[in-house]
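The block underneath contains the structure these notes are about, expressed in structure tokens.
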Amino acid sequence: MEKYDPARIEQKWQQIWDENADKWRAKDFSDKPKFYTLFEFPYPSGDGLHMGHLRGQTAVDVFARKKRLEGYNVMTPIGWDSFGLPTENYAIKYKIQPSVATKENIAKITKQEKMLGYFLDWDREIDTSDPKYYRWTQWIFLQLFKHGLAYKADIPINWCPKDKIGLANEEVIDGRCERCGALVIKKKVSQWMLRITKYADKLLDGLKDLDFPERVKTQQINWIGRSKGAKIRFDIIPTATSVIPAKAGIQTSDSDWIPGQARDDNNGRRITDNKFLEVFTTRPDTLFGATFMVVSPEHNVISNLRPQISNLHEVDSYIDQAKCKSDLERTELNKDKTGIEIKGIKAVNPINGEEIPIFIADYVLSTYGTGAIMGVPAHDERDWEFAKKYDLEIKQVVAPFYTTTAGEDAIRPDKETVERKMICAIVKHWKEDKIYCLNWEKFGWHSFVLGGIDDGETAEEAAKREVIEETGYQNIESIEKISIVTHNNFFARHRDENRYSISECFIVTLADGSHHEPEIEHTKNHTGVWKDRREIKSYLNQPSNKYYWDQYENGETAFDGHGIIINSGEFNGQKSEDAIKNITDKLTEDGSGESSVSYKLRDWVFSRQHYWGEPMPIVFCQNCKKLIENSKLEIPNSNKIQNQKFKIQSHNFTLGEIQNPGWIALNDDNLPLVLPKVKHYEPTDDGKSPLSKMTDWVDTTCPKCGGPAMRETDTMPNWAGSSWYFLAYALNQNSDLKSQNIGNTFKEKQKELAYWMPVDVYEGGMEHTTLHLLYSRFWNEFLYDIGVAPVKEPYEKRVPHGIILASDGRKMSKSIGNVVRPDEIVSKYGADTARTYVMFMGPHDQTLAWDDKGISGVWRFFKKVWENMQKAEGSADPKIESILQHLIVDVSSDIEQFQLNTPVAKLMEFNNILLKQKTVSNETKSVFLRLLYPFAPHLCEELWEINKFDDNIYLSNWPKPDKSKIKDEKVNIVIQINSKNRDIIEVESGLADDKLTEQAKSRPKIKAILDGKSISKTIIVKNRLINFVT
RNA sequence: GCCCAGGUGGUGGAAUUGGUAGACACGAAGGACUUAAAAUCCUUUGAUGGUAAAACAUCGUGCGAGUUCGAUUCUCGCCCUGGGCACCA
């Protein structure tokens, strides 16, 4: 027998598979059922493949190889996501053309891919930076534009004032430029945006039927963040000292628009009015509690009302400061809220006419809702903090409501309900860390001191009186109110009536221990007990008391739950749920608000001021701009996605062109708009893409009117190319899509698309859940709406993988120097070992720290497989055959669920059994090799050949279990007494309960323990355990 | 801070989804083979107590409570680690 030599056999089989690719590669319209597997295509960086690729791609290859043996026509395509920052930075640093660097990197990674022995559809290879590919990306962008889903807006970017370049978030470290360390500021830049928000509901609905892990769905749902509520308009009035001149110097334009959900109409324009401030809230029921308003620093109310603002200087400097902070820094809850009042104006609460101050504060983001909020400190935590800091009124309008619906305290419909005003007192010991509690023995209640408020008495007076009466302690040192009032509804057994209590809570500190025995009339239902502070939480069993204790212990906070409306005029007594509707209705009637839906999802910033990306196939034409603006054309307001044409004079304009006056799409025939070569890849001093320096490229003619026009010099973000690549694979464009008319080709390839889509399994990193996965679903749904994509949802099933950390538990990073690369392992142990070990390391969807110590285990495993599979043929051992059938079932279902560590363990276990055998039957060898094959294809292929089995293993069939070979088995049954393991017996599987009980009781050990005890209960779990409870 | 995960021996992990916790593998210790090393093979390996050795007993799945005959698994509260937070891919 030769030695196991992976280097030799891996090369040999890779060549054979390559030469016979026709036999296993995906074919359009094969007789076999199709199966489309997909992994996230790699970014061809200079570093080559990393561990994440190895993990993801191996999992897909294992799965796909099994599927092929099961008779599917499996596609596992590969391509390159090659536009992006790292290559551009590399180009700047080494003065190499990005396209050249990309080609080199692709060649390098291709070699690595082949070395790992993956079955890949190389005939479908794509490259996002190839003009043959990106002409389609450009075409899709134009479709989005034509359908009114692309628009220009002023969006802040990270700007390094020293280097004079825009920075990616990643390039900003602690608010400073990664390269030069200068403080980064926000600079507004006119950018292309995609209206993904218009697809928010579709993206939510689409999730329902998809086979995505729950956590992926939840994360997308939360990211989209749909919330129902109301828009409410607060009039703005001048304070006594200033007067607002009508519409003074106020302009309405698109550039005022801040992305988000603040729009009423569908054409990207915001109706700006200086006379009111619009807020979005999910809690219109708290409107009476609004005691101030806050606008974000970006809000246009500031620029619109400059003449009225009396402290402009202060306001402006605050805005400047806010520019330096990221959203993350601004919203950090533990940080001190900052803000200042805008003096000279006030807002009027539309529900009660109250005049309230307006603040500017950076904890309000311009990107969510309308960029302005009503401050309801009693019922919102952030507002609470802000109000505390700036000493603003806190007005409770919702009372926590505790109602008892079960048990002896449940409300009884046959009894009268009596409303009472109550107090609750947390009585503190004068010296020790103890609280005085009441134990209502007869009723089972544990509470603080409770009592009613008598006529003519204030709540505080009542609290003092009740404390003295009920506890007998005479001297109160201090009394302090907890601001939130609660409502409670329950059956009061001690009074035989339903009680509706409105309860206030006081913290009463005793001065000393001077004590008179309380009168019996006050204490007949309960006894008083001093409880240690730490025991209180578990001692109390009255919900409102628990709430008060929580407020006392952890400090008072806003009550943000639903409850009963108070201090709200005609809405008093309503439940929050009803008041939300009723107050919204009232506002709608008055014209000062309406119900509305808001999303956390924001529109997609689609521009980059960089070189290495897809050029935007669009030009700016002054003539056309004037033509459109002078036409005074009304922009239709429709939710439908349609490609509407608008005729102005002799020209047809698309919806996008009407919405973005002057911006004219290139004709399809002019695609691709090829990225021109430039001398320098650095952005210009004013932050524009290096393309802007190429005046002979920028200056062009308008495809619409033929007049002079300028090209857009921004490029698309890296996400663009990856948002439709799954369709590109199905298009199989390398075979016959050389030079056809772009606009029609998608339609001509409908059959191919319909055959392959949707992707059956999409494997990828958890870190892509909210961006790439959502963006690509958006594009696909859009393409579906315009009749290009055959299915609504592109991915049937999503399988996430966890990242592989370095052995030190940190992310692998070149700068730390803790990177391990797949190459190193392959060259040492071979591809089969590398593949199998990375599967064996741990559950596929979990984060793992790399540890190369374990590799030798897989290596030894394969050496033993090598020997076992070359043992002399022997007759089949029925015991081993039986175990083998279980192995088939287990390995099959594990692989199907992408649980790829356990099948390896089970195969090892079986191999260890074979180790003890002198001979192995051909049947066992054949099944075992096929089960191991997806993990270690080269090894199994070689052993298949050595055993002279038919054909090649890659053309064989996936084994099926043969039930007739499964023998009746013995099982071990644990005998427990009171759930403690006491003994274990072996019986035949499926033994009847009474026989098992008998056998178990007859065991001497069990007998001894059970002696003299009576068994109250016997619990039997089939084939697992028997438990005697005494 | 917000959203989503995870926490089990010295290490990576397993556990039929509420039923023998630690499969499989690494590492370590001892032994065999060898002039020696590597490779290979055999034995032991959660902790503590116990025994000459066993038997056996107690504890043990981040911490604290709860539900249950029984909890790594379910519920609540807390601590820690990782992923994402919109211009990295």
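Remember, it's a predicted structure, so these values are computed and weren't measured experimentally. Residue numbering restarts at 1 for every chain, and letters A, B, ... go by the order of the sequence lines.
Aromatic ring pairs are classed by plane angle as parallel below 30°, tilted from 30° to 60° and perpendicular above 60°; the pair A/Y363 and A/F386 is tilted. Using bins of under 30°, 30° to 60° and over 60° for the plane-to-plane angle, the ring pair A/H772/A/Y725 lands in the tilted bin.
When only modelled atom types and interatomic distance are considered, A/T902 and A/Q899 share a side-chain donor-acceptor pair under 3.5 Å. No hydrogens or angles considered: nothing links the side chains of A/T102 and A/Y90 as a donor-acceptor pair under 3.5 Å. Donor-acceptor pairing under 3.5 Å is recorded for the side chains of A/N978 and A/T1030. Checking A/S129 against A/S82 by side-chain atom types alone, a donor-acceptor pair falls below 3.5 Å.
Here the side chain of A/M908 is nearest to one of B/rG82, B/rG13, B/rA25, namely B/rA25. Closest contact between the side chain of A/K1017 and the listed nucleotides B/rC69, B/rU58, B/rU20 involves B/rC69. Distance from the side chain of A/K853 is smallest for B/rC26 among the nucleotides B/rU20, B/rC87, B/rC26. Comparing B/rC26, B/rC24, B/rC87 by their closest approach to the side chain of A/E909 singles out B/rC24. The side chain of A/N912 has B/rC24 as its nearest neighbour among B/rG12, B/rC24, B/rA86. Listed candidates were B/rC87, B/rA15, B/rG12. Nearest to the side chain of A/Q899 is B/rA15. Each of B/rC4, B/rA15, B/rG84 was ranked by its minimum atom distance to the side chain of A/T218; first place goes to B/rC4. Taking only side-chain atoms of A/Q219, from C-beta outward, the nucleotide of B/rC3, B/rC87, B/rA23 with the closest atom is B/rC3. The side chain of A/V605 approaches B/rC87 more closely than any other nucleotide in the set B/rG19, B/rC87, B/rC88. Candidate nucleotides B/rA89, B/rU16, B/rC3 were compared by shortest atom distance to the side chain of A/N222, and B/rC3 ranks first.
A glycosidic torsion no more than 90° from 0 defines the syn conformation; B/rG13 lies beyond that range and is anti. Glycosidic conformation, B/rU17: syn, with the torsion inside 90° of 0.
Distance, A/K980 NZ to B/rC69 P: 16 Å, rounded to whole Å. One atom, CG of A/L907, and another, P of B/rC24, lie 14 Å apart when rounded to the nearest Å. Atom NE2 of A/H768 is separated from atom C1' of B/rC87 by 15 Å (rounded to the nearest Å). When rounded to the nearest whole Å, the span between CD1 of A/I804 and P of B/rA89 equals 22 Å. For A/E170 and B/rG83, the CD to P distance is 13 Å, given to the nearest whole Å. Residue A/D890 contributes atom CG, which lies 13 Å from atom C1' of B/rC24 at whole-angstrom precision.
Among the atoms of the strands shown, only primed sugar atoms or phosphate atoms (P, OP1, OP2) are found under 4.0 Å from some heavy atom of A/S856. Base engagement by A/Q191 is indicated by at least one non-hydrogen atom pair under 4.0 Å involving a base atom. The residue A/T769 sits apart from the nucleic acid: no heavy atom pair falls under 4.0 Å. Residue contacts for A/D845: at a heavy-atom cut-off of 4.0 Å it reaches no nucleic acid atom on any strand shown. Nucleic acid contact class of A/I803 (heavy atoms, under 4.0 Å, all strands): sugar-phosphate only. Residue A/W719 is in base contact, counting any heavy-atom pair closer than 4.0 Å across all strands shown. Within the nucleic acid shown, A/F840 comes within 4.0 Å of at least one base atom, counting heavy atoms only. Backbone-only contact: A/L848 has heavy atoms under 4.0 Å from sugar-phosphate atoms and none from a base. Within the 4.0 angstrom heavy-atom criterion, no nucleotide atom of any strand lies near A/K906. Across all strands, A/K3 comes closer than 4.0 Å to no nucleic acid atom at all (heavy-atom distances).
Here the separation of B/rG77 from B/rC3, taken at their P atoms, is 13 Å to the nearest Å. Taking atom C1' in both B/rG9 and B/rC26, the straight-line distance is 13 Å, to the nearest Å. A distance of about 12 Å separates the P atoms of B/rC24 and B/rG46, rounded to the whole Å. Remark: the separation of the C1' atoms in B/rC63 and B/rU81 is 15 Å, to the nearest Å. Nucleotides B/rA36 and B/rU51, compared at atom C1', are 40 Å apart to the nearest Å. Going from the C1' atom of B/rG12 to that of B/rA28 covers 16 Å, rounded to whole Å. On the P atoms, B/rU75 is 22 Å away from B/rA21, given to the nearest whole Å. Between B/rG18 and B/rA71, the two C1' atoms lie 7 Å apart (nearest whole Å).
For A/R798 and A/E214, the salt-bridge test fails: no basic side-chain N is under 4.0 Å from an acidic carboxylate O. Between A/D714 and A/K688 there is no salt bridge, since no side-chain nitrogen of the basic residue lies less than 4.0 Å from a carboxylate oxygen of the acidic one. Ion pair A/D894/A/K906 flagged as a salt bridge, since at least one NZ, NE, NH1 or NH2 atom sits closer than 4.0 Å to an Asp/Glu carboxylate oxygen. Note on A/D380 versus A/R382: salt bridge recorded, some NZ/NE/NH1/NH2 to OD/OE distance being below 4.0 Å.
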Seminar exercise, completed: With B for base contact, S for sugar-phosphate-only contact and - for none (protein heavy atoms under 4.0 Å), nucleotides 38-49 of chain B reads -SSS--------
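Base pairing of B/rG1 is made with B/rC85, judged by Watson-Crick or G-U wobble geometry with both donor-acceptor distances under 3.5 Å. In this structure, B/rU45 and B/rG27 make a Watson-Crick or G-U wobble pair, each of the two defining distances being under 3.5 angstrom. With a cut-off of 3.5 Å on both Watson-Crick or G-U wobble distances, the partner of B/rA32 is given as B/rU40. Pairing partner, B/rC74: B/rG66, with both Watson-Crick or wobble hydrogen-bond distances short of 3.5 Å. Pairing partner, B/rG6: B/rC80, with both Watson-Crick or wobble hydrogen-bond distances short of 3.5 Å. The partner of B/rU20, taking Watson-Crick or G-U wobble pairs whose two distances both stay under 3.5 Å, does not exist in any strand shown.
Distances shorter than 4.0 Å separate none of the side-chain N or O atoms of A/K217 from OP1 or OP2 on B/rA5. The phosphate of B/rC88 (OP1 or OP2) has no side-chain N or O of A/N89 nearer than 4.0 angstrom. The phosphate of B/rC85 has neither OP1 nor OP2 within less than 4.0 Å of any side-chain N or O from A/N169. For A/R602, no side-chain nitrogen or oxygen approaches OP1 or OP2 of B/rC87 to under 4.0 Å.
Residue side chain A/N1027 reaches the base of B/rC69 through a donor-acceptor N/O pair under 3.5 Å, judged by distance alone. At a cut-off of 3.5 angstrom, counting only N and O atoms as typed in the model, there is no donor on one side facing an acceptor on the other between the side-chain of A/Q976 and the base of B/rC69.
Where A/E214 and A/G854 meet RNA chain B, the nucleotide closest to each residue was compared, and A/E214 sits on the side nearer the 5' end. Nearest-nucleotide assignment on RNA chain B puts the 5′-proximal partner with A/R215, out of A/R215 and A/L85.
Residue-environment remark: CD (A/E986) exceeds the threshold of 12 foreign heavy atoms within 6.0 Å.
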Problem set entry | Full working for ring pair (Phe, Tyr, Trp, His ring centres under 6.0 Å) between A/W80 and A/F41 | CA-CA 6 Å; A/W80 314 105; A/F41 61 163; 8.6 Å; no
